[in-house]
Number of protein chains: 2
Amino acid sequence: MAEESIKLDLKEVKLDLQKAIVECSQRGLLHSTKWLSELNFALQEVKLESSNAFTQLDNDDETEHYLLAKSYFDLKEYDRCAHFTEFCQVPRTRFLHLYSRYLSGEKKKIEDMTDITTPPDPTQNASLRELGSELMRDHLARKLDGYALYLYGVVLKRLELLGEAAEVLVEAAHKEPMHWGSWLELATLITDRTKLNSLVLPDHWMKHFFLGHAFLEQQLNDDALDIYFALQQQGFEKSTYLIAQTAIAFHNRRDVDTAITTFRRLQKCDPFRLDNLDTYSNLLYVRELRVELARLAHEACEIDKYRVETCCVVVFLQATTTA
Amino acid sequence: MAEESIKLDLKEVKLDLQKAIVECSQRGLLHSTKWLSELNFALQEVKLESSNAFTQLDNDDETEHYLLAKSYFDLKEYDRCAHFTEFCQVPRTRFLHLYSRYLSGEKKKIEDMTDITTPPDPTQNASLRELGSELMRDHLARKLDGYALYLYGVVLKRLELLGEAAEVLVEAAHKEPMHWGSWLELATLITDRTKLNSLVLPDHWMKHFFLGHAFLEQQLNDDALDIYFALQQQGFEKSTYLIAQTAIAFHNRRDVDTAITTFRRLQKCDPFRLDNLDTYSNLLYVRELRVELARLAHEACEIDKYRVETCCVVVFLQATTTA
């Protein structure tokens with residue numbers, strides 16, 4: 001699959017990206033919105049004709065419900081969001097209803113874990129199963145759009161129905177190929193190259209980003225790099241995401257110096273980025289670049305001392321001191 | 001001032017609300033967005049002619065920067081958001097730049113407070129002062145729009161320049177009367193009725209909501225109720241915000257039974273609401289309504305056991321047990 005040549009129509013790609021940013025952000029899908037916005041930013045030089053390429057919000061019968069629910073969602077009042085959208089039918093509002101129910105359950109599960117005085121709440125899994133069977137019913141009735149399918153896939157995965165989850169996530173990618181979250185979740189369910197080859201994926205440019213990611217996860221680093229270099233040549237040379245992915249591929253191949261050079265370039269474009277600093281600091285530790293590691297640790301602590309990546313950098317720095 | 005009769009054109013009001021919801025949500029002003037969305041929801045029956053009353057995002061030269069910055073902002077990566085908007089000039093993006101710098105400082109201050117092993121970082125106030133002088137420079141050059149003026153007012157207040165803060169917030173309310181945040185911050189700076197009467201406020205329907213709130217804060221409960229009843233009669237009878245405010249006014253007047261009845265009505269419309277449950281549970285405690293208090297405590301814990309309001313309910317419940 002990696003052999004296919006990649007050709008991109010950058011104007012079309014950019015229009016796809018901008019539409020998807022709006023769609024994902026309306027649904028509170030923050031990480032997909034961020035990923036798409038980073039790609040869109042890499043295409044700054046690609047100018048779209050229309051001065052107003054996208055309208056963000058159509059008024060429908062549920063606009064008041066949607067706006068209210070979204071404002072609660074953004075403040076993490078998930079139960080309130082779910083309550084006010086209970087009878088909504090417009091897909092966007094319906095998604096917010098289902099997603100807020102899911103996130104409410106997840107939030108409570110995490111709270112119960114940190115709160116050792118309370119035993120785990122058995123109803124939490126009950127509410128997940130209830131959400132799952134509601135989604136199954138709508139799936140059978142073919143009422144789920146690409147975003148709802150994504151959520152269904154995520155719920156199936158949580159319920160440890162992994163085969164079903166993968167099938168549903170492939171369906172989600174077909175219906176809404178621009179939603180990066182579906183691809184990412186799908187990648188976690190791929191166990192080997194045979195499984196990857198057996199998937200029937202949509203013929204969409206996003207497939208290449210997925211394959212690159214899936215190859216990297218399977219440690220098929222050369223295949224991943226082939227795709228990433230092709231995407232860079234096709235117009236994404238400024239993408240920080242692709243720089244990071246190639247750096248990880250070099251790291252996996254034990255090509256330490258190229259990996260470090262690539263991470264340095266990434267740091268220069270995006271100095272307040274913490275994503276992937278765990279890998280970067282591991283490389284600096286391996287090469288015993290203590291001064292650079294100390295600077296990185298200082299910067300990361302300044303940006304956000306409670307992020308996992310920051311902890312990794314600090315641990316590697318301490319390891320050089322004690323070594 | 002409370003004597004003026006209030007007349008509202010509900011179609012105009014609703015159009016104002018929907019425009020402002022978009023504006024505030026684009027700027028990450030979550031609490032104003034929520035407040036406006038609640039009012040908008042109360043006007044469900046008011047139908048606007050156009051099927052597409054508002055466009056959310058115009059493409060400009062900074063669209064890529066804006067979208068990227070907003071996606072970082074929503075994930076609370078404030079430093080990264082500020083970095084990518086450093087040279088942006090479009091007011092919306094410029095606001096995101098300034099606001100993320102402010103929030104980054106606030107976030108770090110809170111983290112340093114909870115982290116007792118680190119002494120308070122003296123640069124934190126330096127960055128607030130730097131932000132303040134940048135805003136002052138732009139203010140003198142008349143380059144601040146209503147939202148940036150709000151932020152300037154907030155920064156002045158943090159720097160304990162209260163008189164200047166009040167002046168700037170009045171200016172913000174004139175320029176952007178729909179932004180509830182400016183009014184709320186202004187209300188915190190009003191010490192008495194004389195000060196309130198001396199303010200030159202914009203002749204806009206939002207002024208009534210502000211006056212109601214300011215009267216209530218000054219314990220001028222009858223004046224507040226006059227305004228709130230008038231607003232309810234003018235079309236906002238379904239507003240949960242107004243129900244809550246009247247309940248608080250009854251509570252302040254020691255009209256315990258009416259206050260409890262009003263809070264019960266609120267609970268029925270908005271059962272997953274935690275806002276103002278502190279006042280409600282105090283009333284139930286005063287009337288020794290232990291069963292209702294226990295039910296409320298149980299529900300609040302189910303919704304979010306770490307919210308301040310939930311803690312209040314639990315404390316009042318425990319007080320009835322030990323009394």
Side-chain angles (χ1 to χ4, degrees), chain A residues 17-18 21-22 24-26 28 30-31 33-38 40-44 48 50-60 63-72 74-84 104 107-108 111 115 118 270-274 302-306, chain B residues 17-18 21-22 24-26 28 30-31 33-38 40-44 48 50-60 63-72 74-84 104 107-108 111 115 118 270-274 302-306:
Chain A
L17 285 168
Q18 294 204 345
I21 289 168
V22 173
C24 288
S25 126
Q26 283 183 351
L30 300 183
H31 289 278
T33 305
K34 170 176 157 178
W35 187 86
L36 293 162
S37 301
E38 286 179 341
N40 183 56
F41 191 75
L43 299 184
Q44 257 182 89
L48 297 179
S50 162
S51 69
N52 185 352
F54 46 101
T55 302
Q56 194 143 356
L57 204 49
D58 302 312
N59 250 327
D60 55 47
T63 302
E64 291 89 356
H65 289 79
Y66 169 75
L67 291 173
L68 185 67
K70 183 61 166 44
S71 79
Y72 292 148
D74 287 342
L75 286 163
K76 301 194 194 303
E77 295 193 54
Y78 298 125
D79 291 339
R80 222 169 162 191
C81 174
H83 172 73
F84 281 99
S104 168
K107 189 179 163 199
K108 284 167 191 173
E111 283 172 3
D115 185 357
T118 328
D270 194 356
F272 294 90
R273 174 190 178 105
L274 295 177
E302 280 286 298
I303 297 167
D304 189 344
K305 59 183 165 190
Y306 295 115
Chain B
L17 285 169
Q18 294 205 345
I21 289 168
V22 174
C24 288
S25 127
Q26 283 183 352
L30 300 183
H31 289 278
T33 305
K34 170 176 158 179
W35 187 86
L36 292 162
S37 301
E38 286 179 341
N40 183 56
F41 191 75
L43 299 183
Q44 257 183 88
L48 297 179
S50 162
S51 69
N52 185 353
F54 46 101
T55 301
Q56 194 143 356
L57 204 49
D58 301 312
N59 249 327
D60 55 47
T63 302
E64 292 89 357
H65 289 79
Y66 169 75
L67 291 173
L68 185 67
K70 184 62 167 42
S71 78
Y72 292 148
D74 287 342
L75 286 163
K76 301 195 193 305
E77 296 194 54
Y78 298 125
D79 291 339
R80 221 169 162 192
C81 173
H83 172 72
F84 280 99
S104 167
K107 188 179 163 198
K108 284 167 191 173
E111 284 172 2
D115 185 356
T118 328
D270 194 357
F272 294 90
R273 174 189 179 106
L274 295 178
E302 280 286 299
I303 297 167
D304 189 345
K305 58 183 165 189
Y306 295 116

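Side chains are part of it too, since the values below use all heavy atoms of this structure and drop only hydrogens, waters and symmetry mates. Below, chains carry the letters A, B, ... as their sequence lines are ordered, and counting in each starts from 1.
- Side chains of B/Asp79 and A/Glu302 form no contact here, defined as non-hydrogen atoms less than 4.5 Å apart.
- Counting heavy-atom pairs closer than 4.5 Å to chain B, the top residue among A/Lys70, A/Lys76, A/His31 is A/His31.
- In terms of heavy atoms, A/Glu64 sits closest to B/Leu43 at OE2-O, 4.5 Å.
- If you take OG on A/Ser37 and CZ on B/Phe84, they are separated by 11.5 Å, rounding to the nearest 0.5 Å.
- Highest contact tally toward chain A, considering only B/Leu17, B/Asp74, B/Ile303, B/Asp270, is held by B/Asp270 [criterion: heavy-atom pairs under 4.5 Å].
- The ring pair (Phe, Tyr, Trp, His ring centres under 6.0 Å) test applied to B/Phe272 returns A/His83, not counting sequence neighbours.
- To the nearest 0.5 Å, the span separating CD1 on B/Ile21 from OG on A/Ser71 amounts to 8.0 Å.
- The most heavy-atom pairs under 4.5 Å with chain B, out of A/Leu75, A/Leu36, A/Thr33, come from A/Leu75.
- Using a 4.5 Å heavy-atom threshold, the side chains of B/Glu38 and A/Tyr72 count as touching.
- Between A/His65 and B/Gln44 the shortest side-chain heavy-atom distance falls below 4.5 Å.
- A/Leu67 has its side chain within reach of B/Asn40: a pair of non-hydrogen atoms, C-beta onward, lies under 4.5 Å apart.
- Ion pairing of A/Lys107 with B/Asp304 is present here, as a side-chain N (NZ or NE/NH1/NH2) and a carboxylate O approach within less than 4.0 Å.
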